[in-house]
Amino acid sequence: MRFGSTSLLLLACGFSSAACGLFPSNDTPPASTTEWTLHAVRVDTVGYLPGRAKVATVVLPAGMTGLSDATAEIFDTNDNLQWACSLTGPMTDAALNITYYLADFTEFDIDGSQDGSYYLKVPSLEPGSGTNPAARSATFSIGKNVFADALGSAMTGMYGQRCGTAVKIALGTDTWQHGACHQQDAYLDYLTGDTASSASVGGWHDAGDFGKYVNNGAFSVGMLLAAWDHFQPTLTALSLPIPEHGQIPDGASAPMPDFLWEVKWELDWLLSAQQASGGGGVPSKLTAVNFESYGTMPDRDNQKRYFAGIGTAMTADFVAVMAEAARIYLPHDSGSAGKYLAAAQLGYAYLGANAGPAVPANDNPSDTADLVFQTGHYTETDPDNRLWAAAEMWETTGDPAALADFETRAAGTELLPDFDWGNVQNLGFYTYLLSQRPTEDLTDARSPTLVASLTADLLTAADGLVAASKAQAFGRALGDNFYWGSNGSVARSAMLLWVANVLGPDPKYLDTIQMQLDFLLGRNSYDRSQVTMLGYHPPLHPHHGPSSADGVADPWPGLLVGGANDQSRMLTPSDFNWIDDENQYEVNEIAINWVTPFVYATAALTPPPM
Ligand code: 9MR
Ligand code: ZN
């Protein structure tokens, strides 16, 4: 049994028709009541693309050092042999304590776009009658649209994170819902000393908790707006089960794509957080003083929630996405685009006028006696954030001062092979390198030297990901580097790989994106998808308040869990650093900065409808 069985319907409808919901009712039983086998052969349990890398990992049972016959076979689900290939191995991965072989079936391209059309088996692992499911793989599909459903699920997952409104998602036999939450957001006590509140309702809950963080919210919007820039035809066609589906923005003449409506939910909240009376600076977060008690539904969480102080790092991230949104929304919703541009300009002026602090003193949980907030925090320093802001301001406005700001900062800043919320400079580099600005005006033109050196750095970094991916047992581009939220970074590596493929086209970059999705969707230590309600044996007990509290056995859908984290204080090595336990928030929480790069990666490999 696997999930994500709605893709056929979705595609038959061209995944854009209002008549065809993203989640038509089907007979998928609840994930929580399914029996799951641990397969020796680990595959992408959602699927593979024709013409793209198809690799599986055969993990030998503990104590076994090699196979008598290093062959794998592909069967269809009627048990007809379709293909055979030689395995490469045995190899060992000391960090994961496994002996494994690789099965490369890239050449097997027979379209099996029906759900779960194939499975792999290693005959020498199941001698005799050959009916041992543990010696096989979970089923998988091959087809050009295999990731369309994953993309729709993840964006639906983002919808499920909405704050300030009632939310309802129906899928199969499940319905997940909550009433309008957090209507009093937000009190100003820690910003101005005023005990009044200032309307800042809306946005997405950050993760398993219900806080709203400007850095992480903007960072997540950054993934989605980059996806829009890079995969607009695919995302324009995406149909989502959101209330705004098909609606026309005020003053516009055509419906706005659902994808942009969902991102707007967060953008408009961010907009409401900017403090004009504070000179255009933006608070770091909007949370209660402490995390709400786990197991409370959002609409039952009545804690008072406050803005925490203004900092330049979060203001810079805000400026970056407002500037980006100003150019992206202009053709669809010029009224909103105008507001986003004004907010970006006000925030950018604030950055110019303020050297700091990067992070407000009351934001940072620590053991000091004077701390106020015990909730999360999302930044350390601001040069990376300012660099991103400058890049987006320039791309949107053509302001030569913003270009100079970016280029000065870029000269002293490293492009990173992988990054998370703490290092956002790559987002600025990508925008600069893929700039669409006309450059006939010399003051508008990028520095050819900087473009050349950044391009070289980027291709080197991408080649490093390709090599690491080939060397790791499960094709993971981050190798055996596991940390809090590492699944998000695995997904996010798709951005660097995609940009590399634009600057220096080579199929290896897109193949490596496929391999990152493979890892997240079952080709891993666990033989499990890492996205709720998607693929084989997905997480059933994520650390996610609504999933825990709503009385529905299955967790909310479309949410990527943080994944392996060898710094986790709670796990033992035998857990391979991830377990599906809702209390293990260091490995099994969900967060918007992990779901959104998964959206990016699945969009990268989903062609627009014909
Ligand atoms: O994703 C964040 C991770 O990189 C940090 O190491 C960790 C501890 O500071 O916090 C994570 O972010 C959490 C945030 O602070 C609060 N909401 C839940 C987030 C995901 O666990
Ligand atoms: Zn809420």
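Source: prediction; values computed, not measured. Computed from heavy atoms alone, side chains included, the values below leave out hydrogens, waters and symmetry copies. Order of appearance sets the numbers: ligands from 1, and atoms from 1 within every ligand.
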Ligand-protein N/O pairs under 3.5 Å (ligand 1):
unit_1: ligand 1; atom_1: 4 (O); unit_2: Trp421; atom_2: NE1; d: 2.9
unit_1: ligand 1; atom_1: 12 (O); unit_2: Tyr378; atom_2: OH; d: 3.2
unit_1: ligand 1; atom_1: 17 (N); unit_2: Asp206; atom_2: OD2; d: 2.9
unit_1: ligand 1; atom_1: 17 (N); unit_2: Asp209; atom_2: OD1; d: 2.7
unit_1: ligand 1; atom_1: 21 (O); unit_2: Trp484; atom_2: NE1; d: 3.1
unit_1: ligand 1; atom_1: 21 (O); unit_2: Glu589; atom_2: OE1; d: 2.8

Centres of the Phe219 and Trp421 rings: under 6.0 Å? no

Let me see the working for Tyr329 and Tyr340 under ring-ring contact (aromatic ring centres under 6.0 Å, His included), right down to the final yes or no. CA-CA 9 Å; Tyr329 282 76; Tyr340 299 151; 5.6 Å; yes

Between Trp578 and Tyr526, does the ring centre distance come in under 6.0 Å? yes

Which protein N, O or S atoms lie under 2.8 Å from the Zn ion (ligand 2)? Cys163 SG, Cys181 SG, His182 ND1, His205 NE2

Six-ring centre of Tyr213, Lys285 cation under 6.0 angstrom, axis tolerance 45°: no

Asp194 CG: over 12 foreign heavy atoms closer than 6.0 Å: yes

Ring centers of Trp498, Tyr600 separated by less than 6.0 Å: no

CD of Gln161 to OG1 of Thr156: how many Å apart, nearest 0.5 Å? 12.0 Å

Determine whether the aromatic ring centres of Phe406 and Tyr432 lie less than 6.0 Å apart. yes

Are Tyr159 and Trp265 close enough that their ring centers fall under 6.0 Å? no

